[in-house]
*Asks:* 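Please see the structure below; I have some questions.
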Amino acid sequence: MKFNWKMTTGMLAMWLGFSPVQAGHITHGGDIVLQEFHAYRQEISSELSTLPGFILPLPNFMTAWERATTQTHIELRDKLEWQGFEVIAIVHPTLLPPLIEINTPRWLSYQGSTELKQIVIHEYLPVVGLVDTQYQYSQSLSAYLSGVQNRSLVSLFKQARQENLFLTHSALWTEYFTTPEARRFQNKAPEALIWLASQIPAHSDVEGKNWLQLFQGLFPLLSVSEYQGASLACVHLKLQQSSSNWAQKAAEFLKQKGAPPRLINRCPISSLPQ
């Protein structure tokens, strides 16, 4: 998702230390807007805490995020402009305490839109200490949080791969799979294993070793009842379709874990993620 830059801003004010903003009076009929804003904030904080720390944009991101969301004041305006354009929100991270102004009518015009969640992320990031002028951080976090909402490890893997945080961080992923937070994704772990079986590196031994470590680390997330199910049949099918020695190693690993390819002909095509 890519915002029009006229929708929401505040970065320039942050770095120059002033606020050339035309703002209306604080509105007193915007309880619903404040409720929605704080509901998004709480939802975002909860979902962020589910993610592995190494894919977040700062090493201490969650500490900085909690501080920012706790200390920042929120005020509603009946009009908000930046350089002559009406905007939905403006953040003032250098104020003490930091301030986010929200354009009530503009916010209400976006009710029901998934863009509001990214706007909340975007407005807090300067307080955290991240410049999000191109929405690179808020878009990345929104993609990860979508994966959390859908309980989809595949979504996390795809976004992490775009950011070079996938196979290069196989040891950290494997460690994450052992945490209580990873259990949120347990129901879709078979789907993730099928997808992983279709992503075997073709030419790099280093990537192959990392892939196998990731494959083996992910397997314990599956319940024992899945071992003889159609999902594992799909995993074996994907592995048999590969000529890679890493696929052979993965198939041998499954056999050792009590999940041999007994039902390989029962893999439904609809179970194969893209």
*Asks:* Report yes or no: do His92 and Glu101 form a side-chain donor-acceptor pair below 3.5 Å?
*Replies:*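 Glu101 and His92 do have a side-chain donor-acceptor pair below 3.5 Å.
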
*Asks:* State whether a side-chain donor-acceptor pair under 3.5 Å links Ser170 with Trp211.
*Replies:*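 No, no side-chain donor-acceptor contact under 3.5 Å.
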
*Asks:* Any ion pair linking Arg77 and Glu75 (charged N to carboxylate O, less than 4.0 Å)?
*Replies:*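 Yes.
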
*Asks:* Checking Trp107 against Glu36: is there a side-chain donor and acceptor pair closer than 3.5 Å?
*Replies:*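 Side-chain D/A pair, Glu36 to Trp107: present.
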
*Asks:* Give a yes-or-no answer on whether the side chains of Glu163 and Tyr144 include a donor-acceptor pair shorter than 3.5 Å.
*Replies:*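 Yes, a side-chain donor-acceptor pair sits under 3.5 Å.
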
*Asks:* Please state whether the rings of His122 and Tyr135 are parallel, tilted or perpendicular, taking 30° and 60° as the class boundaries.
*Replies:*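 Rings of His122 and Tyr135: tilted, 30 to 60°.
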
*Asks:* Can a side-chain donor-acceptor contact be found between Ser138 and Asp132 if the only test is distance below 3.5 angstrom?
*Replies:*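 A donor-acceptor contact under 3.5 Å links the two side chains.
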
*Asks:* Return yes if a side-chain donor-acceptor contact under 3.5 Å exists between Gln186 and Arg151, otherwise no.
*Replies:*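 Note: Gln186 and Arg151 side chains miss the donor-acceptor criterion.
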
*Asks:* Examine Trp173 together with Phe54 and report whether their ring centres are nearer than 6.0 Å.
*Replies:*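 For Trp173 and Phe54, the ring centres are under 6.0 Å apart.
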
*Asks:* Examine Tyr124 together with Phe37 and report whether their ring centres are nearer than 6.0 Å.
*Replies:*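 Here the rings of Phe37 and Tyr124 have centres that are less than 6.0 Å from each other.
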
*Asks:* Looking at the rings of Trp195 and Phe166, which for Trp means the six-membered one, are their centres under 6.0 Å apart?
*Replies:*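 Yes: the rings meet the under 6.0 Å criterion.
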
*Asks:* I'd like to know if Lys79 and Glu81 make a salt bridge, using a cut-off of under 4.0 Å between side-chain N and carboxylate O.
*Replies:*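 Yes, this pair counts.
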
